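Below you'll find the structure, written out as structure tokens, and then a few comments.
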Amino acid sequence: MSGLATRRRDRIGGGRAYALIDGNSFYCSCERVFDPKLAAVPVIVLSNNDGCAIARTSEAKVLGIRMGEPYFKIRDLCRSHGVRVFSSNYTLYGDMSARTNAVFRQFSPRVEVYSIDESFLDLSDVAAALRVELALDLRATVRAWTGIPTCVGIGPTKTLAKLANHIAKSLPDLSGVCDLTEPSAYDHWLCRVAAAEVWGIGRASLAKLEAMGVESVADLRDLDPRPVRKGLTVVGERIIHELRGTACLPLELVPARRKGCAVTRSFSTRITDRATLEEAVAAHATRLGEKLRREGLATDHVTVFYHTSDHDRDDPQRSVSATVTLPEHTSDTLALIKAARLGVAKTWRDASPNRPSWRYSKAGILTNDLVPLSHSPRALIGRLDRERSDPLMAAVDACNARWGRGTVVPARAGLVGRRDWSTKFEMRTPRYTTQVSELPVAMA
DNA sequence: TCTGGGGTCCTAGGACCC
DNA sequence: TCTGGGGTCCTAGGACCC
């Protein structure tokens, strides 16, 4: 037996190795790729409506800007410290994500795209002694080919790979790579990292664990898994096994078919009248139809909701939702709009002399139990005219793909008005990589 | 009339994630 | 003035059935 094979057997996890690679401050890094002036300055990216900070570079974190912090609270801070602030540009980030994954696939054919900025790679076939070297090469290649800086965590299970990634990110001397399949690293780090950092341990679980005297990851690992199941469900039990090196979570190479789909948005201003609310809900239904058709899915019901804001403490509050059944499974925008409007009609309440209008802050449309359109049952009576609908929707989608979303919209969606309520993106950068008219310009 | 023990299915709500 | 959006999984409990 070769020395390498012997060494490998000594490692926990029976030789399996997963890498978790993620983009550092991913959205901010995407912005930096296209503007070199952002390189050393603090950068943040805001959520929809320019509401909260959802990505921060290390320079911004140092200034005390927290994840999810409302922008209006930190606007002055940003101004005085020269923080560059951007609206989110999901078209750009999605495309950059695809580019990084294309690089990952050069290093391992087995890649699970876990989120827009994180992927798991199967490194089981890479000799243990070479994994760190490979990870360093992977980081350098991604950086060179896409401009995105990353960190890599390696572990015998996905949970340990996530933990390793956290360690790699928090300690600059590790050169962005941490390998917990290495027994000495495993022993060293598990008692030095807080249990709160473990994937799947949130606030509620952490409180329960603290009551049991757990502080470090090692403390959590050493709990008896079966009693833990009582307080933390099978999820908690699984985490303990994963921390011990027994893989419970397989690599998901093929994304599971989605079960539900939602389009929900806060308004940039409050809405008090029915016509505007219906217009917003119709716009969300239009977007829902696009999402369903892109994945070949269909639904036979939609739930419409709208509500006032908790932040308007002195205003009367109202929150409603209504589910509308469709005659058959469909992804037809016109059918979805009709159902969405019906949902509003069923629940709308007018203001009266002794009751002012409610000030609605958010509305949405959602559905679950999605089925593939090709398999969906068709109603015998009252069915939609699919022979007309399918080519019509295909034509609408083709136009919008070519000339941009919103080029063709159903007239009955009422989307031709001013749309004062629609989501704000006041600091959005161009879609550099997906729109010819927005290509970056280089001067030579 | 009273007494019982399982099953399944569905839903709401909690928890967590990015 | 200004506080995101979109998912998944799990459990408890109710309804219903045999």
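Protein chains get the first letters and strands the later ones, always in sequence-line order, with residue 1 at the start of each. Please read all numbers here as calculations on a predicted model, not as lab measurements.
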NA contact type, [X], heavy-atom cut-off 4.0 Å: base, sugar-phosphate, or nothing?
| X | answer |
| --- | --- |
| A:Arg265 | sugar-phosphate |
| A:Asp117 | sugar-phosphate |
| A:Leu366 | nothing |
| A:Arg229 | nothing |
| A:Lys259 | sugar-phosphate |
| A:Lys162 | sugar-phosphate |
| A:Ser205 | sugar-phosphate |
| A:Lys291 | sugar-phosphate |
| A:Glu118 | sugar-phosphate |
| A:Val45 | nothing |

Using a strict cut-off of less than 4.0 Å between a Lys/Arg side-chain nitrogen and an Asp/Glu carboxylate oxygen, indicate whether [X] and [Y] qualify as a salt bridge.
| X | Y | answer |
| --- | --- | --- |
| A:Lys169 | A:Glu118 | no |
| A:Asp315 | A:Arg270 | no |
| A:Glu242 | A:Arg238 | no |
| A:Lys158 | A:Glu112 | yes |

Could you pull out every donor-acceptor pair under 3.5 Å between side chains of residues 200-211 of chain A and any protein atom, sequence neighbours left out?
unit_1: A:Lys208; atom_1: NZ; unit_2: A:Gly231; atom_2: O; d: 3.1

Exercise. Dot-bracket for DNA chain B: what is it, with Watson-Crick or G-U pairs under 3.5 Å, [ ] where a pair crosses earlier ones, and | for a pair to another strand?
Worked result: ....||||||||||||||
Problem set entry | P gap between B:dT3 and C:dC18, integer Å | 22 Å
Exercise. Which is it for A:Asp122 and A:Arg16 under the salt bridge (charged side-chain N to carboxylate O under 4.0 Å, His left out) test, yes or no, and what are the steps along the way?
Worked result: CA-CA 8 Å; A:Asp122 190 345; A:Arg16 296 220 71 81; 3.1 Å; yes
For this session: Determine, step by step, whether A:Asp179 and A:Arg131 satisfy the salt bridge (charged side-chain N to carboxylate O under 4.0 Å, His left out) criterion, reporting the C-alpha distance in whole Å, the side-chain angles of both residues, the deciding distance to 0.1 Å, and the verdict.
Result: CA-CA 8 Å; A:Asp179 180 7; A:Arg131 284 177 194 147; 5.3 Å; no
Exercise. Mapping A:Lys73 and A:Arg238 to their closest nucleotides on DNA chain C, which lands nearer the 5' end?
Worked result: A:Lys73
Exercise. So which one's nearest nucleotide on DNA chain C is more toward 5', A:Val234 or A:Arg313?
Worked result: A:Arg313
For this session: Check whether any side-chain heavy atom of A:Asp369 sits under 4.5 Å from a side-chain heavy atom of A:Lys259, and report yes or no.
Result: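 The answer is no, as the side chains (C-beta and beyond) never meet within the 4.5 Å cut-off.
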Exercise. Taking any atom under 4.0 angstrom from a heavy atom of chain A, which nucleotides of DNA chain B are the first and last to qualify, 5' to 3'?
Worked result: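 In short, chain A contacts DNA chain B from B:dA15 to B:dC18.
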Exercise. Taking the six-membered ring for Trp, are the ring centroids of A:Trp348 and A:Tyr360 within less than 6.0 Å of each other?
Worked result: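 Yes; A:Tyr360 has its ring centre under 6.0 Å from that of A:Trp348.
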